[in-house]
Amino acid sequence: MDLSLVTFAQILVAVLAIIGLMVANAVVMVYVERKAAGFIQRRPGPYEVGPWGTIQAICDSMKLLAKQIFVPANVDWVLFFLAPVLAFFPVLLLFLPIPFGPYLTGLAVPDGIVLILAFAGFGVLSNLFAGWASNNKYGLLGAARAVSQSVAYEIPLILALLAIIFQTGSLSLTEIVEAQGSYPWQWNILVQPLAFFIYLVSLVGETNRAPFDLPEAESELTAGFHTEYSGMGFALFFLSEYANMLLVSFVCATFFLGGYKGPFLDGIWWTFIKAYLIMFFIVWIRWTFPRVRFDQLLNINWKWLLPLGLINLWITAIIVKLLP
Amino acid sequence: MIRAIWDNLKGLYSLLVGMKITLIFLFSPQKTVHYPRKTVERENLITYRGPLELTRGKTDPAVTRCISCQMCVKACPGHCLTVVKNPEKSVKAPIEWKYDFTLCCLCGACVETCPTSALAFSHRIYLVARTREELIFDLLADLKARVEETPVLPGEEGASAEAAQG
């Protein structure tokens, strides 16, 4: 690929649009999540700030912007300030290869999913840096949990995606969408239901969301790896958490739910509808299930998801080889 | 192995049941009372244990059932009750009944120990005071004021008529 001026401009516009999408997504999802939590517990959720509490999330982000950044004693300064930045910036890159619409892709790289899976590892690294550098026992425990959990859940996640990649014969997200049809019975979810289920469980584990939110388990570790962060440091972790949720939802929509293809008219709206349905699913299970214990979390992964993923991949490989 | 798989499938089914419950709750009406704009109705407050009050008398509701036996004063761990006997020995009713709510821990020892059930918890949930002195209640005056405000309690018309006849 030649890095011409046009490509450079394209990347610049895409990154700016992605920053806008990330911030808008975080503001909207915080409001939606708190409202959903309220309705599930039969209370109104945010209600007083603005009509039906609509500007509550904006006021909260203003508060975070204006807050003092408090640095505790004996922190590792470089890693302490590197961690939130390292959590935030790789996510910008991760959105580039996603096909939002038939012609709307930030940067159509041929091996898009490899780029996403490779750079998603920076999130784990930033959690480890944050927990280690803040010189706090809760932070360190949270970081240790984050690393073992994310490393474990990446494997079934990749196995589930590999089954689709075997079937399509391509690593490009656009080609994977093109291989699926416009109607729900032509999507990969019906061909690979087990892979979809494994991916759905692993994405919750990979984004550290409840019921697998052990790295930031409030009742055990105060806030886990971001205990010592205030102000914008915390806000960057928060933004990147919601951006990661959105990313795995987009990847799920692309791989299993036909991406931008849908009944009546293909387009960007179908990608967003599908991704936000999965986001709502993540919020829904957060307010339904209690947090699992750490041994249960790893047992689910190593004893069930990993063998199931391997069997699924093996059967897929045989069928792809025998029935071309 | 087959047992473990079956157990896990049952577990997955129970997860779906839980998700169905939260989905139904998501669309059911809310239970919250928006306090400054709305208040809780009296029927939902009968389990609320607020500051003490003297119960209405059996024959005349404005006269307390208290016999100045001082059992509540001895039982109180916070020393918040003051009951002054009538100097005339023939009259059992107290002449002064002071209750310091700033010291009360709402333990209910006085209510349990009272031989004539003259004490009870009120349901005053929206109690506001700006000074300490406002929280030292004169319960005899409070009883008189309550009886003047509502001579017959709602839902007790028949019972009080029977008591008057008997």
Side-chain angles (χ1 to χ4, degrees), chain A residues 32-53 156 193-194 196-198 200-202 204-205 209-212 277-293 296-309 311-312, chain B residues 1-51 105-108 121-131 134-135 154-155:
Chain A
V32 168
E33 175 153 29
R34 291 181 63 183
K35 271 288 184 198
F39 285 152
I40 282 175
Q41 295 163 0
R42 305 189 74 176
R43 56 190 175 81
Y47 193 77
E48 301 294 336
V49 188
W52 296 283
L194 187 61
F196 177 71
F197 174 73
I198 293 168
L200 211 57
V201 179
S202 327
V204 181
R209 293 280 300 180
F212 299 153
L277 279 178
I278 296 161
M279 294 282 271
F280 176 73
F281 174 80
I282 298 173
V283 169
W284 180 15
I285 62 169
R286 174 174 178 189
W287 298 104
T288 305
F289 303 138
R291 186 182 302 127
V292 297
R293 254 185 2 239
Q296 293 170 335
L297 174 91
L298 291 182
N299 276 351
I300 292 170
N301 180 36
W302 295 117
K303 289 188 181 169
W304 291 103
L305 296 184
L306 186 64
L308 280 175
I311 291 168
N312 187 46
Chain B
M1 182 66 192
I2 291 165
R3 180 80 182 266
I5 292 173
W6 177 242
D7 280 352
N8 276 275
L9 285 178
K10 276 201 292 187
L12 281 177
Y13 174 71
S14 77
L15 293 184
L16 288 181
V17 172
M19 289 177 70
K20 188 186 150 205
I21 289 172
T22 45
L23 193 65
I24 290 170
F25 269 37
L26 185 68
F27 295 108
S28 18
Q30 291 162 18
K31 297 283 188 188
T32 305
V33 177
H34 291 268
Y35 164 56
R37 296 178 286 272
K38 284 181 202 159
T39 50
V40 183
E41 309 93 41
R42 198 186 141 76
E43 300 89 70
N44 290 334
L45 281 180
I46 48 173
T47 50
Y48 179 75
R49 294 174 22 145
C105 62
L106 294 165
C107 66
F121 285 114
S122 69
H123 314 306
R124 294 167 65 187
I125 194 167
Y126 300 118
L127 178 69
V128 177
R130 288 177 184 80
T131 57
E134 282 177 49
L135 284 173

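Chain identifiers are assigned alphabetically (A, B, ...) following the order of the sequence lines, protein sequences preceding nucleic acid strands; residue numbering begins at 1 within each chain.
For the pair A:P44 and B:T32, the tightest heavy-atom approach, listed with the atom from each and the gap, is CD-OG1, 2.9 Å.
In this structure, the side chains of B:Q30 and A:F39 come closer than 4.5 Å at one or more pairs of heavy atoms.
Annotation for B:I46: atom CD1 does not count as buried by contact number, only 12 or fewer foreign heavy atoms lying within 6.0 Å. The environment of OH in B:Y13 is sparse: at most 12 heavy-atom neighbours from other residues, nucleotides or ligands sit within 6.0 Å.
A:R42 places a side-chain N or O within 3.5 Å of a backbone atom of B:P29 that can act as its donor or acceptor partner.
At a heavy-atom cut-off of under 4.5 Å, chain B is reached by A:I285, A:W287, A:T288, A:F289 from residues 285-293 of chain A, listed in order of number. By a heavy-atom distance cut of under 4.5 Å, A:W304 are the residues of residues 296-306 of chain A near chain B, going up by number.
Interface residue A:E48: only side-chain heavy atoms are found under 4.5 Å from chain B.
The residue from B:T22, B:I24, B:L23 that alone fulfils the side-chain contact (heavy atoms from CB on, under 4.5 Å) condition with A:I40 is B:T22.
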